Every structure is written in C-alpha cells, then in structure tokens.
Amino acid sequence: MIKSMVPLFIDGMQETYSKHMSQRQEKNEGESNGLEILRHSTSHIMAQAVKELYPDSKITIGPAIKDGFYYDFDRDKPFTTEDLEKIEKRMEEIIRVDIPFERIETSKNKAREIFKNEMYKIELINEIQDEKVSVYKQGDFVDLCRGPHLSSTGKVKAFKLLSVAGSYWRGDEKNKMLQRIYGTSFFTREDLEKYLNKLDEAKRRDHRKLGKDLDLFSVDEDIGSGLVNWHPKGALVRYIIENFWREEHYKNGYQIVYSPHIAKVSLWHTSGHMSFYKDNMYSPMDIEGVPYIVKPMNCPFHIKMYKSRLKSYRELPIRWAELGTVYRYERSGVLHGLLRVRGFTQDDAHIFCRLDQLNDEIERVLHFTIYMLRSFGFNEFDIYLSTMPEGYVGTISNWEKATGALKGALEKFGLKYDIDPGAGVFYGPKIDVKIKDSLERTWQCSTIQVDFNLPERFNITYIGEDNSPHQPIMIHRALLGSLERFFGCLIEHYAGAFPLWLAPVQVKIMTITDRQNDYARKIVKYLSDSGIRGETDLRNEKVGFKIREAQMEKIPYMLIVGDREVESETISVRKRGGEDMGKVNIEKFIENIKEECTVNKGGVLNS
RNA sequence: GCCGACGUGGCUCAGUGGUAGAGCAGUUGAUUCGUAAUCAACAGGUCAGGGGUUCAAAUCCCCUCGUCGGCUCCA
C-alpha cells in the first residue's frame, strides 16, 4: 500500500505521502523505499554537480544508504569543505531548474559508447549479465543506473552534504582509493532539521565525551592507542557490572576461573591461532630463549585446564567463565573510543559438553545472553545466525546439528534474527548479537560459537559410559562481549545517566549552610551503612550551584539539608529529572532506594 | 593500514609570520545563602613531538605520534 504511494509522490503529491510517513512510528519497507528513491536521485544530482564543476572527476557508484546517500568519485585533487559548498550551490541550481529524470534502456554496446570516458562504468557494464542495461539522464548528465528515480530534480526539497571520506573502489583495499561524499536528503525541511538535531543529540551522548565529562575513563597517547585507563567512577561501574555478572554466573551453573596473560608460542601453534589469527596477535617476547605471546583469546587456557586431569561423562557439561583480559592488534584507523580497542576484558566462557547436551546448553546460553542484555536496559538488538562457510572443519552432520541447535534456540525464544549464510567461523556456526551506539552504528557484543576445531586440535576427551574416550563439543560464548565495548555502549544507551543500581554516586547530600555539616555527615554514614553510595557537598556555595553540579554529574538523587531538615530529622529529596519530592523521612528514603535498585535491574530508567 | 580533517593551559575555544588570549575548572580570600552558575584576586601553556624555511614560526614546509569521519550495504 505504501509502495503504491511512491508514484503519487513522484507525480507531485508530496502532501499525501509525507503525512502518511509521519504517522508511522517504526521503519518499514515502505518508508525506506520512498526515501531511498529520493536519496538515490539526490546522489545523481550531486554527481551531475561534481561533473559540471570538476569535469576531471570519474563517476563510480552512488547508492542510497541508511540515513542518506553517497557518491564515490575518482579525482586526483581532494574535495575540500569549500568544494562541498560549491557543489551544494550547484545542486540547488539543478533542483531549481527542475530537470526531468529520463529512463533509457539500451544495449550494452551503446552503453559502452555513452560511458567511453568513464572506466568505472565500463567495468560495471561488462559485469552485467543482461544484454540490455538502463541509464538515467537528467539534462546532460547520464548515469548507468537500475533506478527508479524521482520524476524530476525539483522534487528534492531538503538536502545537505555532510562529509568527505576515502573509500576503496568496491571496498577492496587492493583497489584505488576514491573520494566519497556523504549527504542526506528528506521530503521536507523539517525532517532534515530533525535529522541534523538527532546528529547533535548523538554527539552529546558520545561515550568519549561523556567519559571525559563524567571522569569515567581515559586513553592516553603515551600509554598507547586503544589501551584504556578506568578512572575511579568508571571502575566502580565496572565493579558493579562484574559483581552482578559473577553472581549470575554462579546462579547459572558456571564456575569462575582465572588464567595467565601470556603463554608460549607453541601453545598458539597447537591451537592454530598462529596461523589463522596471526594478523591480530602481537609479536612474541623472549623469556630465557623461549618465545611467549600475550594472549588474544582465553580458550587454550581453559582447554589446558580441562586436560589437567581425566574427565568423566558424568562431569559434563563443564561451564568455565572468566573475565579474561586479552590483547589484539587492530589497525590504527579502526580504533574507536571504548568500542574498538587493543586491550580488553572479555566476559568469556567455554562450555564443554556431549553432543546430546548441545541443544540444552545453547538454549541456556541464549537465554542467559538475553537476560544479561535486558538487565542493562538493552531491549533492541540485531541477531545474526552465521552458517557454514567454505573451508570449514568438522563433519557436515555436526555442523547441521549445531546450526539446528542455534536456530532452534532462537526460535524457541521467539527472537527475530537474520541468517548470514556462509559467515560462520571455519570451526563452527555462531550467533552474534549486536547493539547500537548513539549514531545507530551496530557493535557486536554477545557471541555464541560452536567449535569443532579446538577439541580436535588439543585432543580433549571424556570417558564415556562405555569406558572409552570421546570428544566433547566446545561452545565459546561472551554475553557482554568485552567490558570496554559494553561500557561504551552502556554510557551511550543511558546518555551517562546510569540507572540507580549502576550509578557510581547514587546520592549527593548538599547543605544550605555549614550549620548542617554534621547532620550531612551523619546521613552519608547512615546511607553507606545501608549499602548506598553517597557523597556530601559541604562546600561554601549556594545550593543552586551545588544542584547544578550534581545535575551535570548525573547523580540520581540530591538530598538538600538546611535548618528545617535538621530540625525535623528529614531530608529534602530532588531527583535527577528535576522533580522535587519534598521532605522525606530517611528510613523511608533508604527503603525506596533499595526497592528502586532491585526493580531497575532489567527494568527501565525511572528518572 | 589507506583517504581526508584536526591537535593552543584540566575542559571548551580565539589567535594565520612580529612579546601566547578568553570563559569554565583550580588555588586563595570574602560571602552562610533553600532547588541548574555569589563576588574578587591569583596561579596555570617548550601552542602534540622532532626537523626545516625565515631577522622572526602556534601560524609556512617535511617527518613522527595521536584524535575524528570514512573505507559492507553492488549501476
């Protein structure tokens, strides 16, 4: 139904279309189709402007993307911000003149003639299977394109060019680097404004900014890129997360283990990491003539632990979890705040089980994963099931069983997921769960991977009922992924205003004058004895000033004490949201706080 | 890694060839105040690091380091 409205819009009935759009809450195919056509057309207009202003540029591809569009050009000189302004101006003219988009179907040979000076287009034409191809023409500008497009350039009402970036032709770093111009366009000016505001809002939620403002963590160039210092407040949040994590793991039948940070290179040869994971590992260090490597993964240690004595089938499944700190080489250009780093602590675990236990175990893990994510307020995530790739190890029958187990678990819990065919790791199929940052870029956190490879390589066994050795199956899993990345996502998710149970400082007690200092100290002691994290602000400042600071520190509760409160043995409570709850009895306040902490775990932020 | 932009006190930023600036934060003093900023004084910078051009460099050039945006979503 929505699809049928697109041509209406193209014919000029913008009203009908955009009204319809604004009523819808969730994105669906309809909306993206309409916007996609608009944005794709805008990218053609941009390409036209670029060709007119900089005729030496070669055009390549210019699709619509999630929040806008881009077009890649091959040009020797880089585009500057001034160039972008010029291009925008030219685009506005093209839009004002309202040139029709014409679709022309033609033969590949004719197309080669049209694009004889555009080598990238020729390359694309040569790869098209059909004998006929379509080109779109607006004015003198022609582009090889499947379409569809708007009826004319004048239909573009609101657009903006956003940035220039490098990108390899066809995304392959062996190819030439092109220049990509990103932009976006909307049906109305208001929608564009809204989008630009959203970008500003995202900047305010950026965990790198909040991490600095709230004094949570830092990355220092003298220490090294991608290596994180956790400051006291960030560390306190981490401590709360870790404690929750440990408790839940013990409740869920895991045992917690610890392993070293380095191991002999020979161990990594046995595990195979020296071949298939080499690019991500740091160089060996020499210890008395023997090379050691800092660990990129925890699995070989857990396997060696498993092998330290004979195991019986009665002991399985064995579930060993570790907050294991690993180091991986990441190319400097991909590092990003806490979200992609070089040293991080995984909330890792390895489950050793029999084939007949696989279904149950995977179900348990998946259930646990979702429980953990929800506990931290994440209710929206993208789930991917990756299936058998080329060059797999293990038997097809095991792959089928494992893939079936993963799929069965997803379906049992009614979780929506996408299948990523052939994207499994060579050693087994997996489920990945991704959550979004403030700019809606997705980051992989949870992962559940079945592994047929390591048990084989290390030759691990258990003694079965039949009194003979069998090979267990191994499941690698991380629920939060890494504490660094998870913390980054968490900061952005809550915009730094952590729910009460996670807030490093839960309560700030502020005095009106120094006559109340003793009373304030008494209260903070009382809170601390009740397990509540409080701080006093006894500075000789006006209460408005103290409130402003506490507000900027995003502290959930402010307790104001003046002569009136001392007199009545109460406190005046102000919530982070600005709500004044008036004078409250202290015992009652503590009771409420404890209640809120319990409810908040897995719940929604209250203020 | 590659392409581009950027790097000035703790933070946010001004300064484009001629003696390094502001606001906030900090320190000190005054003020004892009721729900988002009280006033004043003081202190703080080899302008990321190194090299070069110049009588003179934060400013121009080169190198290094770091940060940011991108490098998957096929005409």
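Reminder, nothing fancy here: chain letters follow the sequence lines and each chain counts from 1. Just so we're clear, the structure is a prediction, and the values are computed from it rather than from any experiment.
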Value in whole Å for how far the [atom2] atom of [N] lies from [atom1] of [X]:
X: D213(A); N: C24(B); atom1: CG; atom2: P; value: 17 Å
X: D220(A); N: C65(B); atom1: CG; atom2: P; value: 16 Å
X: L227(A); N: G66(B); atom1: CG; atom2: C1'; value: 13 Å
X: D72(A); N: C73(B); atom1: CG; atom2: C1'; value: 12 Å
X: D222(A); N: U67(B); atom1: CG; atom2: P; value: 12 Å
X: K209(A); N: U67(B); atom1: NZ; atom2: P; value: 18 Å
X: L335(A); N: G69(B); atom1: CG; atom2: P; value: 11 Å
X: H207(A); N: C68(B); atom1: NE2; atom2: C1'; value: 12 Å

Within residues 219-230 of chain A or reaching into it, pairs that qualify as salt bridge (Lys or Arg N to Asp or Glu O under 4.0 Å) - sequence neighbours excluded: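 Output for this query is empty, none listed.
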Geometric class of the H207(A)/H336(A) ring pair [parallel <30°, tilted 30-60°, perpendicular >60°]: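 H336(A) vs H207(A) ring planes: tilted.
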Parallel, tilted or perpendicular, as decided by the 30° and 60° cut-offs, for the rings of F141(A) and H44(A):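 Judged by the thresholds at 30° and 60°, the geometry between H44(A) and F141(A) is perpendicular.
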For the [atom1] atoms, the ones on [N] and on [M], what distance do you get once it is rounded to whole angstrom?
N: C11(B); M: A30(B); atom1: P; value: 31 Å
N: G26(B); M: G51(B); atom1: P; value: 37 Å
N: G21(B); M: G15(B); atom1: P; value: 15 Å
N: U27(B); M: U8(B); atom1: P; value: 24 Å
N: G17(B); M: A58(B); atom1: C1'; value: 11 Å
N: U59(B); M: G18(B); atom1: P; value: 11 Å
N: U12(B); M: U28(B); atom1: P; value: 25 Å
N: C55(B); M: U64(B); atom1: C1'; value: 29 Å

Contact class for [X] (heavy atom, under 4.0 Å): base, sugar-phosphate, or nothing?
X: R180(A); result: sugar-phosphate
X: Y136(A); result: nothing
X: L162(A); result: nothing
X: K121(A); result: sugar-phosphate

Opposite nucleotide pairing with [N], Watson-Crick or G-U, both atom distances under 3.5 Å:
N: G1(B); value: C71(B)
N: U38(B); value: A30(B)
N: G23(B); value: C11(B)
N: U53(B); value: none

Residues in salt bridge (charged side-chain N to carboxylate O under 4.0 Å, His left out) contact with R208(A), at least two apart in sequence or another chain: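 In terms of salt bridge (charged side-chain N to carboxylate O under 4.0 Å, His left out), with neighbours along the sequence ignored, R208(A) is linked to D206(A).
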For K58(A), all residues meeting side chain to side chain donor-acceptor pair (under 3.5 Å), sequence neighbours excluded: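 Listed in chain order: nothing, the list is empty.
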With R574(A) via side chain to side chain donor-acceptor pair (under 3.5 Å) - residues at least two apart: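 With sequence neighbours excluded, R574(A) shows a side chain to side chain donor-acceptor pair (under 3.5 Å) to Q551(A), given in chain and number order.
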Residues in side chain to side chain contact (heavy atoms under 4.5 Å, CB included) contact with F545(A), at least two apart in sequence or another chain: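 For F545(A), the residues satisfying side chain to side chain contact (heavy atoms under 4.5 Å, CB included) (neighbours in sequence not counted) are R539(A), E541(A), E549(A).
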Qualifying residues under side chain to side chain contact (heavy atoms under 4.5 Å, CB included), relative to T536(A), sequence neighbours excluded: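 For T536(A), the residues satisfying side chain to side chain contact (heavy atoms under 4.5 Å, CB included) (neighbours in sequence not counted) are I509(A), A520(A), V524(A), L538(A).
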Protein-to-nucleotide contact annotation, 5' to 3' order, nucleotides 33-39 of chain B [B base; S sugar-phosphate only; - none; under 4.0 Å, heavy atom]: BBBBBB-
Annotated protein contacts, base or backbone, on nucleotides 1-8 of chain B with a non-hydrogen cut-off under 4.0 Å, one of B, S, - each: BBBS----
side-chain contact (heavy atoms from CB on, under 4.5 Å) between S446(A) and F381(A), intermediate numbers included: CA-CA 10 Å; S446(A) 323; F381(A) 21 74; over 6 Å; no
Face-on cation placement of R39(A) at F186(A) ring, 6.0 Å and 45° thresholds: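 The answer is yes, since R39(A) meets both limits relative to F186(A).
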Should [X] be listed as having a side-chain N or O under 4.0 Å from OP1 or OP2 of [N]?
X: S225(A); N: G66(B); result: yes
X: H336(A); N: U67(B); result: no
X: Y70(A); N: C71(B); result: no

Pairs flagged by side-chain hydrogen bond (donor to acceptor under 3.5 Å, both in side chains) wherever residues 554-565 of chain A is involved - sequence neighbours left out: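 Output for this query lists R515(A)-D563(A), Q516(A)-D563(A), Y557(A)-E596(A), E565(A)-S572(A).
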